[in-house]
Asker: 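Handing you this structure, nothing more for now.
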Amino acid sequence: MIRLASFNVNSVRKRAPHILRFLARQQPDLLFLQELKCRTEEFPGVELAASGYQFRAVGQPGGRNGVAVLARIPFEVVSEALPGDDADSQARFIEVKAAGIHAAGIYLPNGNSGGDEGYLYKLTWMERLRRLAQARLDAFTPLAILGDFNVCPAAQDLAPGTLPPTDALVRPETRAAWRALEHLGLTDALRALHPLPERIYTYWDYGSAFERNAGLRIDHALLSAELAERLEACTVDVDPRAEEQPSDHTPVLIDLAD
DNA sequence: ATGACCGTGGCACACGGA
């Protein structure tokens with residue numbers, strides 16, 4: 001069995017203790033992190049490597065974005081940038097090869113800032129991701145995409161009244177771009193095992209949202225067909241969200257049979 | 001009925017987040 005996980009940590013330097021506790025408890029083979037909010041050289045790799053994990057971080061200046069992978073199995077980095085835009089300097093993508101599969105960790109643009117241009121960047125990014133997935137599927141490469149997609153795929157993926165219908169996380173164009181990914185043949189791992197109308201969230205705003213369960217499901221795992229057939233479990237671990245000084249997100253995990 | 005926070009850079013508060 002191989003276990004993959006994704007965790008938007010909202011500053012990796014603030015959340016190193018939470019990450020270490022998560023690793024000790026769940027022992028994922030690969031853990032993808034999003035929103036490092038630090039430069040590559042500021043990644044607390046020494047601290048995290050003490051748990052026996054190797055790592056690769058992709059940070060950027062300015063305290064925004066940033067993705068990383070932690071691994072307790074051998075891996076090689078395939079790419080540190082999503083193809084399709086030479087001008088894209090935002091650290092939002094890492095793809096690795098491990099245990100015979102390709103796994104991508106993504107931090108998809110939120111799309112609510114920067115006006116029309118910001119939202120177009122999100123939609124363009126989603127189309128670039130679709131093309132990358134298409135290329136992997138065309139080559140019969142087993143593919144898993146995990147991360148913060150910043151998309152609520154369906155109405156049941158957000159608590160009523162949490163977001164206005166104009167929000168970039170729920171706009172019809174956003175959901176259409178998500179469906180375009182699914183229509184490639186990718187499976188939404190959580191919904192494959194926990195179909196609607198079960199309500200499961202991965203994000204709660206700071207304040208009282210967690211205690212009211214006013215959440216969103218925006219962290220996902222998409223699987224190519226051969227990996228979907230191996231899917232044994234997909235869970236959201238809510239424990240880190242209940243800890244002191246938590247991230248506003250909590251991890252998603254998938255277990256794949258050998 | 002409504003609002004409620006947090007992290008970063010940098011040292012006041014704007015900006016992004018979702």
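Throughout, protein chains are lettered first and strands after them, A, B, ... in sequence-line order, and every chain is numbered starting at 1.
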Asker: When you compare dC13(B) with dG3(B), how far apart are their P atoms, in angstrom units rounded to a whole number?
Answerer: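 Those two atoms are separated by 23 Å.
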
Asker: Would you sort out whether Leu4(A) and Ile101(A) count as a side chain to side chain contact (heavy atoms under 4.5 Å, CB included), showing the intermediate values?
Answerer: CA-CA 11 Å; Leu4(A) 311 182; Ile101(A) 73 171; 4.1 Å; yes

Asker: Have a look at Glu35(A) and say if it touches a base, only the backbone sugar-phosphate, or nothing, with a 4.0 Å heavy-atom cut-off.
Answerer: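 Sugar-phosphate, backbone atoms only, no base.
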
Asker: Scan Leu158(A), Val151(A), Asp148(A) and name whichever one has a side chain to side chain contact (heavy atoms under 4.5 Å, CB included) with Ile218(A).
Answerer: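 When side chain to side chain contact (heavy atoms under 4.5 Å, CB included) is applied between Ile218(A) and each of Leu158(A), Val151(A), Asp148(A), only Asp148(A) qualifies.
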
Asker: Please determine, for the side chain of Arg212(A), which listed nucleotide (dA4(B), dT8(B), dA18(B)) has the closest atom?
Answerer: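 Of all the options, the side chain of Arg212(A) is nearest to dA4(B).
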
Asker: Output the single nucleotide from dG17(B), dA18(B), dT8(B) whose closest atom is nearest the side chain of Ser113(A).
Answerer: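 The listed nucleotide nearest to Ser113(A)'s side chain is dG17(B).
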
Asker: Both Asn10(A) and Asp167(A) contact DNA chain B. Taking the nearest nucleotide for each, which residue is further toward the 5' end?
Answerer: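 Looking at the nearest nucleotide for each, Asn10(A) comes out on the 5' side.
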
Asker: Only one of Leu20(A), Ile73(A), Leu23(A) clears side chain to side chain contact (heavy atoms under 4.5 Å, CB included) with Tyr53(A); which?
Answerer: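 Testing Tyr53(A) for a side chain to side chain contact (heavy atoms under 4.5 Å, CB included) against Leu20(A), Ile73(A), Leu23(A) leaves exactly one candidate, Leu23(A).
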
Asker: dA18(B), OP1 or OP2 - any side-chain N/O from Asn8(A) closer than 4.0 Å?
Answerer: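 Yes.
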
Asker: Does the plane of the ring in Phe149(A) sit parallel, tilted or perpendicular to the ring in Trp178(A)? Use 30° and 60° as the thresholds.
Answerer: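 Correct class here is perpendicular.
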
Asker: Are Tyr201(A) and Leu163(A) joined in one hydrophobic group, where the rule is that I, L, V, M, F, W and Y side chains link up if heavy atoms are under 4.5 Å apart?
Answerer: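 No, it is not one cluster - the side chains of Tyr201(A) and Leu163(A) are not joined through contacts under 4.5 Å.
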
Asker: Please give, in whole Å, the distance from dG3(B) P to Tyr206(A) OH?
Answerer: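 After rounding, the gap between these two atoms is 21 Å.
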
Asker: Between C1' on dG17(B) and CG on Asn112(A), what's the gap in Å once rounded to a whole number?
Answerer: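 In whole Å, dG17(B) C1' and Asn112(A) CG are 9 Å from each other.
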
Asker: Between atom CG in Asn110(A) and atom P in dG7(B), what is the gap in whole Å?
Answerer: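 To the nearest whole Å, that distance equals 17 Å.
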
Asker: Taking atom P of dT8(B) as reference, at what distance in whole Å does atom NZ of Lys14(A) sit?
Answerer: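 In whole Å, dT8(B) P lies 5 Å from Lys14(A) NZ.
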
Asker: Side-chain N or O of Asn150(A) versus OP1/OP2 of dA18(B): is the shortest distance under 4.0 Å?
Answerer: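 For dA18(B), OP1 or OP2 has a side-chain N or O of Asn150(A) closer than 4.0 Å.
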
Asker: Below 4.0 angstrom from OP1 or OP2 of dA18(B), is there any side-chain N or O of Thr162(A)?
Answerer: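 So the side-chain polar atoms of Thr162(A) never come under 4.0 Å of the phosphate oxygens OP1 or OP2 of dA18(B).
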
Asker: In whole Å, measure the gap between the P atoms of dC15(B) and dG10(B) for me.
Answerer: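 These two P atoms come out 15 Å apart once rounded.
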
Asker: Within the pair Arg15(A) and dG7(B), is there a side-chain N or O less than 4.0 Å away from OP1 or OP2?
Answerer: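 Affirmative; the distance criterion is met.
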
Asker: Please work out if Leu216(A) contacts a base, only the sugar-phosphate, or nothing of the nucleic acid, heavy-atom cut-off 4.0 Å.
Answerer: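 Contact class for Leu216(A): sugar-phosphate only.
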
Asker: Given dA4(B), dC5(B), dG16(B), which nucleotide is nearest the side-chain atoms of Asp205(A)?
Answerer: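 Selected nucleotide (nearest to the side chain): dC5(B).
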
Asker: Just how far, in rounded Å, is P of dC5(B) from NE2 of His249(A)?
Answerer: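 Going from NE2 in His249(A) over to P in dC5(B) covers 18 Å.
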
Asker: Which whole number of Å gives the distance between the P atom of dA4(B) and that of dA14(B)?
Answerer: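 That atom pair is separated by 16 Å.
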
Asker: Name the nucleic acid region contacted by Tyr107(A), choosing base, sugar-phosphate or nothing; use a 4.0 angstrom heavy-atom cut-off, strictly under.
Answerer: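 Result for Tyr107(A) = sugar-phosphate.
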
Asker: Expressed as a whole number of angstroms, how long is the span from Glu42(A):CD to dT8(B):C1'?
Answerer: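 The answer, rounded to whole Å, is 11 Å.
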
Asker: From C-beta outward on Arg13(A), which listed nucleotide comes closest to its side chain: dG16(B), dG7(B), dG9(B)?
Answerer: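 Of the candidates, dG9(B) comes closest.
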
Asker: Both Gln245(A) and Leu108(A) contact DNA chain B. Which one's nearest nucleotide lies toward the 5' end?
Answerer: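 Whichever sits nearer the 5' end wins; that is Gln245(A).
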
Asker: Any idea which heavy atoms bring Val58(A) and Leu36(A) closest together, and the distance?
Answerer: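 What the structure gives for the nearest pair is O-CD1, 3.9 Å.
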
Asker: Taking atom C1' in both dG7(B) and dA12(B), compute the distance separating them and give it to the nearest angstrom.
Answerer: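 One C1' to the other, the span is 16 Å.
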
Asker: What's the NZ-P distance between Lys37(A) and dT8(B), to the nearest Å?
Answerer: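 Those two atoms, NZ and P, are 6 Å apart.
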
Asker: Starting at CD of Glu211(A) and ending at C1' of dC5(B), how long is that distance when rounded to a whole Å?
Answerer: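 Distance check: Glu211(A) CD to dC5(B) C1' gives 13 Å.
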
Asker: Please give the distance between the C1' atoms of dA18(B) and dC6(B) as a whole number of Å.
Answerer: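 So the two C1' atoms sit 12 Å from each other.
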
